[in-house]
Every structure is written in C-alpha cells, then in structure tokens.
Amino acid sequence: MIILLSLENKKEAKKTIVKMADWAVEQENALLVILGLGSCVGVAFYDELTKIGGLAHVMLPESKGKNKIESKYADTAIPFLLDEMIKKGARRQRLKAKLVGGAGMFKTEAGQSVMQIGQKNIVAVKKVLKEEKIKVVGSDLAKDYGRSMYFNLIDGSIRVRAFNKENITL
Amino acid sequence: MNLDKEKKDILKEIANIGAGNAATAFSTMVDQETKITVPRIELMPIDKLPEITGNQEDYIACTLINFDGEISGKILLVLEMENVKKILQLLFGENELPETEIQKSALRELGNILSGAYLKAINIFSDLNLSQGLPAVAYDMAGALLSSSVIDYSQSGDEIILLETEFIISEKKLELFYFFIPEEKSIDILFQHLMGDNLA
C-alpha cells in the first residue's frame, strides 16, 4: 500500500474531503478525497516538482454566467483551480490532469440513461482542459457506477474505488 | 427561496396526504402493517442530500421518478441494501430471490405504485394535474446516486425543497425513505393554488 509506506516516517497526512461544488489545494503531505462521485467529475491537477495538488468537484458543464460558485461548473472551475494552484507556487507548464466520474447512474426499464449530465460534464471538462493546454494523463470516466477517489499528493497517484469492482490506480 | 410557516404548513399537508395514500398502497402490496413518520420539510443545501442516509459510501437501492404537469419535481425511494432483500421477500415470497434485473424491475414497479398514489393524493387535494415519468433504479453508493438525482436542480440554485417521510414495517424492521422534491421554480404555483390570490 503506497499510502502506508510513504507516510510511515512522516507526520499524519492531512485528509480533505471535497464536497459537491467545492475545491481544495494542498501540498505534498495530503490526501484529497471525493466520496460518491456519480455524474459529477473530479478534476485533479498535480505539479510533480512542488507536489502541489488541486481537486475540484465539478457538478455541471456550464455556468451560464449566473452562479457565484466557480468550482461548481466545468467552464469556471478549471481556470479557478489553476489560479489557486499558481498562487500557491505551482507552475502551469508542469501541471498534469487526471479525471474521475461522469457516470450515468440511473437507467429505466429500457436501459436508457435518465440524465445525460455525466457525459456532458466529461465533454465540457475535456474541452476546457484542451483550451487551457493541460494534458490528461489518467482517467476513469463514464459507465454507470459511482466512484470514490483518493488523490495522494505525495506522488500524485489517485486510487479509485467502486462497489463490486477492482480498485484502480491512476 | 423562503419557506415561511404558512408555506411549510402547506408542504406538510401535502406530504401527509401523499405519504398516507402511498403507505396504504404499500401496505396492500406487501401485506404488512405500514406506519409513516411525521414528514420532515426542509430547504436543504444540495450538498447535504448525498449524506442523508449517514454515509456517502452507504450501499443503497434508489428509484428515481420525475414528475411533470402544473408542478414538476422528483421522487426518490431509498432503501439500504439489507432492506432490499426484505422487501423483495415480501413481494416475491420467502423463496430464493430473483436475479438482479428482475429485482430492479420490481423496485421500479414499487416506485411507480408509490409515486402514483402520492401524486394522485396531491391531485385530489390541490386540483393540480401531475403526471409521472418512467421510473429508473440503481444500486450504488448513496453519495453517487443522490447527488446525481438532483444535479440538474443545482444549475439554478444551491438548495432543494425536501419533503421526507419514512415508511416503516416494524415487524420486519424495514425502513423505506421517500423523498418528494418539487422543483423550486414551480413551487409558487402550488402555493398560489392553495393560498389563493392574497399571495403577493
């Protein structure tokens, strides 16, 4: 278990749970967590050199100019999170992204996905990342099940857990 | 959105009437005495819904039904996994449980019947026309299911109007959570309808 070995000789890692529409930026000795990702997308950025990591819990694709909470929407969350990380000392050119979530959770009898928001979130996030020129180096997206993600800032790895599925490490 | 006492009372009335009718239907389906709890009416921050069963990673069964018409909204039925088994045993008899797809079919049907009864009661009480959509069901983490169910409502605001009731079969220690979530922008029609034109 990477987490246990690397934290053995260090102080307790700071664990932060990132709720819906929320965000967090930490450095090195930290674990950023999102529990129960359904159609939301967890957008994680990591700077390998400074070990600064950021995580946004994106709920919807577009802000449509209204709401004040930037981290809620893909189009505003990403620039916002990048800004916060740069303020803390990360360098944009070194940042890599990893994405988790965007599932279609509910199905009718006919097997139809009830809401397409998961897919729309994925498309929106990828579009903004492309515009911001940030490379996606890992992802576990779409399909029809919920996930929890554990983003370890010691090495930038993300452990993804889902019911009745093998753990994935990004 | 502001829920003053008068509006809360109206919502409580709706929840009581709706749940009462749904509980009767439920009782008949499972052939067990069913009680309902006093409805909880809340203006809840959306990010609180995913934790409503206790833990975001709780494994639950959830049926989602959208309804439309003069007001629109969503109905959610939530069962902790242990209780899914119990309900299915009541519906199918004590023998072996059917396979997962049939289980889910049964839960959709349960959702259909309970929502139908709830909406019918509201229609009779308020004279508003409502129609229900096709039920969808999933087994997964509470956080993932509950957040996804109301995500479209978060475009226009950060709160939902939650009317919660529990259906309890004491003999089987079984609890079914029932959430009635009217869409915020359509709720004024409901109040106007029931409070008359003095709602300025």
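Numbers restart at 1 for each chain; the letters A, B, ... are given by sequence-line order, proteins then strands.
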Answer with side chain, backbone, both or neither: which region of [X] has an atom nearer than 4.5 Å to a non-hydrogen atom of chain A?
| X | answer |
| --- | --- |
| D152(B) | both |
| E101(B) | neither |
| P50(B) | side chain |
| L146(B) | neither |

**Request:** Go through the steps for L90(B) and Q32(B) under the test side chain to side chain contact (heavy atoms under 4.5 Å, CB included), then give the verdict.
**Result:** CA-CA 9 Å; L90(B) 290 172; Q32(B) 296 280 321; 3.7 Å; yes
**Prompt:** What about the rings of F67(B) and F180(B), do their centers lie closer together than 6.0 Å?
**Reply:** yes
**Prompt:** Looking at Y178(B) versus Y118(B), is the centre-to-centre ring distance below 6.0 Å?
**Reply:** yes
I need the residue from [options] with the largest number of non-hydrogen atom pairs under 4.5 Å to chain A.
| options | result |
| --- | --- |
| D47(B), L134(B), L145(B) | L145(B) |
| E57(B), K104(B), E51(B) | E57(B) |
| S148(B), S147(B), S149(B), G143(B) | S148(B) |

**Message:** Which atoms of L37(A) are under 4.5 Å from chain B, going by heavy atoms: the side chain, the backbone, both sets, or neither?
**Reply:** backbone
**Fill in**
The interface call for D22(A) against chain B, heavy-atom contacts under 4.5 Å, is neither
**Request:** Quick one: which of A103(A), G38(A), G104(A) has the most heavy-atom pairs under 4.5 Å with chain B, could you say?
**Result:** G38(A)
**Message:** Less than 4.5 Å apart, side chain to side chain, heavy atoms only: is that true for N66(B) and Q132(B)?
**Reply:** no
**Item:** Minimum side-chain heavy-atom gap P79(A)-V128(A) below 4.5 Å
**Value:** yes
**Request:** Give the intermediate values and the outcome of side chain to side chain contact (heavy atoms under 4.5 Å, CB included) for residues I60(B) and L79(B).
**Result:** CA-CA 6 Å; I60(B) 60 166; L79(B) 280 165; over 6 Å; no
**Asked** Taking NZ, NE, NH1 and NH2 as the nitrogens, is one of them in D83(A) or K87(A) under 4.0 Å from a carboxylate oxygen of the other?
**Response** no
